[in-house]
Amino acid sequence: MQRSVSSPASISGNLSVPGDKSISHRSLILNSVARGDALVTGLSSGEDVMSTMGCLQAMGVEIEPGVEPGTVIVHGTERGLQEPDGILDAGNAGTSMRLLSGLLAGQPFTSVLTGDASLRSRPMGRIVQPLKQMGAQIMARKDDTLAPLTIRGGSLRGIEYTMPVASAQLKSCIMLAGLSAEGDTILHQPALSRDHTERMVSAMGGTVISDGLTLVVQPSQLNAVDIAIPGDISSAAFWLVAGLCHPQARVLVRGVGLNPSRTGILEALEAMGAGDALQLVDQRDEGGEPVADLLVTSTQLSGTEIEGDLIPRILDEIPILAVAACFAQGDTVIRDAGELRVKESDRIATTVSELTRLGASIEEREDGMVIHGTGGLKGGGCESHLDHRLAMALGVAGLLAEGETTINGAEDASISYPDFWEHLDLLSGE
Ligand code: S3P
């Protein structure tokens with residue numbers, strides 16, 4: 001699908017973004033192997049979460065739609081998943097493939113997991129190696145590094161493992177395996193990444209002890225818990241940048257999750273001088289996660305440096321931050337972000353190539369990019385590269401650029417945000 005976007009005279013409105021994608025995956029996966037039933041509200045309707053749901057249903061988990069949209073009841077199997085009689089398809093979702101692999105490593109049957117072309121090119125050796133050390137039998141393409149994966153699960157033993165990358169998917173994969181292993185599993189992380197698994201496992205009665213960058217997971221049987229999922233800050237980020245960078249804007253995004261392991265985008269926008277133009281309204285706690293409404297108005301941003309421990313907490317927001325940097329005064333330097341090269345697309349290369357097509361002054365670096373703020377972009381043709389976050393970042397670029405921007409592959413937004421283009425029209429007054 002192709003979408004054309006031009007800059008409207010003003011951007012204004014109130015909206016709610018989809019439920020947090022990371023929490024949505026975990027609410028389905030963890031409740032599936034828990035004891036009892038759980039009511040999940042605010043579930044993301046994005047295709048990634050539907051992939052997780054489809055895989056779990058293929059293993060005999062009953063997930064019933066609730067009365068309200070975004071509501072489901074998960075009937076826990078108390079670890080008793082059934083061997084699927086077909087191949088499990090994780091679609092585009094790294095989270096589905098990596099978390100489900102950790103779960104399947106402890107199940108006494110054989111399963112095969114595949115995904116789309118993007119997912120089949122993303123690194124899986126990082127999960128295969130530790131799961132094998134725990135005792136799972138796994139085979140994968142290209143010397144055990146690429147999906148499809150064949151997993152013969154069974155009895156696992158806890159390991160002590162130093163993670164080579166600060167990845168929440170890798171951490172959660174090993175934690176899920178650790179829950180059904182014999183003995184403790186000890187993880188050493190290079191930096192903190194999102195901690196939704198730790199929070200949810202603890203809320204379900206499992207034992208996870210965190211001490212700085214070290215995590216200890218003890219074998220535990222989980223109890224189902226109801227989960228109210230907050231709005232996804234990674235989706236809200238598009239409207240924060242649209243509102244801050246458009247000269248006539250006021251946007252309120254309601255009910256956004258502000259888990260500290262996810263708020264790197266707010267810190268970066270603050271460092272760029274957002275000040276009072278970005279406000280947290282009605283801060284509260286919902287379902288064990290901090291939540292607020294986010295209000296943005298027009299302002300002039302300036303360049304900043306994004307690096308080090310901030311990177312895992314802002315990883316998914318870098319394409320949209322790069323758009324903001326194009327409208328800022330001065331240079332924005334992003335470094336230590338080599339992980340972006342193995343996301344749904346090589347996000348360093350694709351962000352640089354597509355924003356260059358829109359007139360950005362931007363240089364590619366091995367582990368990041370340098371964006372010279374020129375105060376604007378020029379409409380033109382660009383591509384999503386099968387990457388939902390890039391499609392949406394380019395949509396926002398279109399809202400801010402001079403002239404018309406045409407995005408090829410606009411449909412990719414539905415991986416995490418099916419209503420993205422409708423919301424863009426709503427804020428543009430169309
Ligand atoms: C996710 C973790 C992140 C993020 C992804 C979702 C998760 O990846 O990019 O969109 O739900 O665990 P990492 O594994 O690189 O942290």
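Atoms within each ligand, like the ligands themselves, are counted from 1 in listed order. Because only heavy atoms are used, hydrogens play no part in the values below, and waters and symmetry mates are left out as well, while side chains stay in.
Side-chain contact between Leu269 and Val296: absent, with no pair of heavy atoms (C-beta onward) separated by less than 4.5 Å.
The protein heavy atom nearest to atom 16 (O) of ligand 1 is Ala168 N, 2.8 Å. Considering only non-hydrogen protein atoms, atom 1 (C) of ligand 1 sits nearest to Gln169 NE2, 3.6 Å. Closest to atom 12 (O) of ligand 1, if we only count protein heavy atoms, is Arg26 NH2, 2.7 Å.
Ring centroids of His388 and Phe420 are separated by 6.0 Å or more, keeping the two rings apart.
With a 4.0 Å cut-off on non-hydrogen atoms, Arg98 does not touch ligand 1 at all. Contacts between His25 and ligand 1, counted as non-hydrogen atom pairs separated by less than 4.0 Å, are absent for every part of the residue.
Using a 4.0 Å cut-off to heavy atoms of Asp316, the atoms of ligand 1 that qualify are 4 (C), 5 (C), 9 (O), 10 (O). Each of the atoms 3 (C), 4 (C), 8 (O), 9 (O), 13 (P), 15 (O) of ligand 1 lies under 4.0 Å from some heavy atom of Lys343. Counting the atoms of ligand 1 from 1 in the order shown, those under 4.0 Å from a heavy atom of Ser22 are 1 (C), 6 (C), 7 (C), 11 (O). Taking a cut-off of under 4.0 Å to the non-hydrogen atoms of Leu315, the atoms of ligand 1 that pass are 15 (O).
Considering backbone and side-chain atoms together, Ser167 places an N or O closer than 3.5 Å to an N or O of ligand 1.
Under a 4.0 Å N-O distance rule, the pair Glu366/Arg341 qualifies as a salt bridge. The existence of a salt bridge linking Arg122 and Asp116 is excluded, since no basic side-chain nitrogen approaches an acidic carboxylate oxygen closer than 4.0 Å. The pair Arg194-Glu289 fails the salt-bridge criterion, with no side-chain N (NZ, NE, NH1 or NH2) lying under 4.0 Å from an Asp/Glu carboxylate O.
The shell of residues lying under 4.0 angstrom from ligand 1, judged by heavy atoms, includes Arg194. Note on ligand 1: His196 sits outside its first shell, no heavy atom being nearer than 4.0 Å.
Using modelled atom types and a 3.5 Å distance limit, the side chains of Glu344 and His385 yield no donor-acceptor pair.
Considering Thr350, Leu358, Thr406 in turn, Leu358 is the only one that fulfils the side-chain contact (heavy atoms from CB on, under 4.5 Å) rule with Cys382.
Surrounding CE of Met139 are at most 12 heavy atoms belonging to other residues, nucleotides or ligands under 6.0 Å away.
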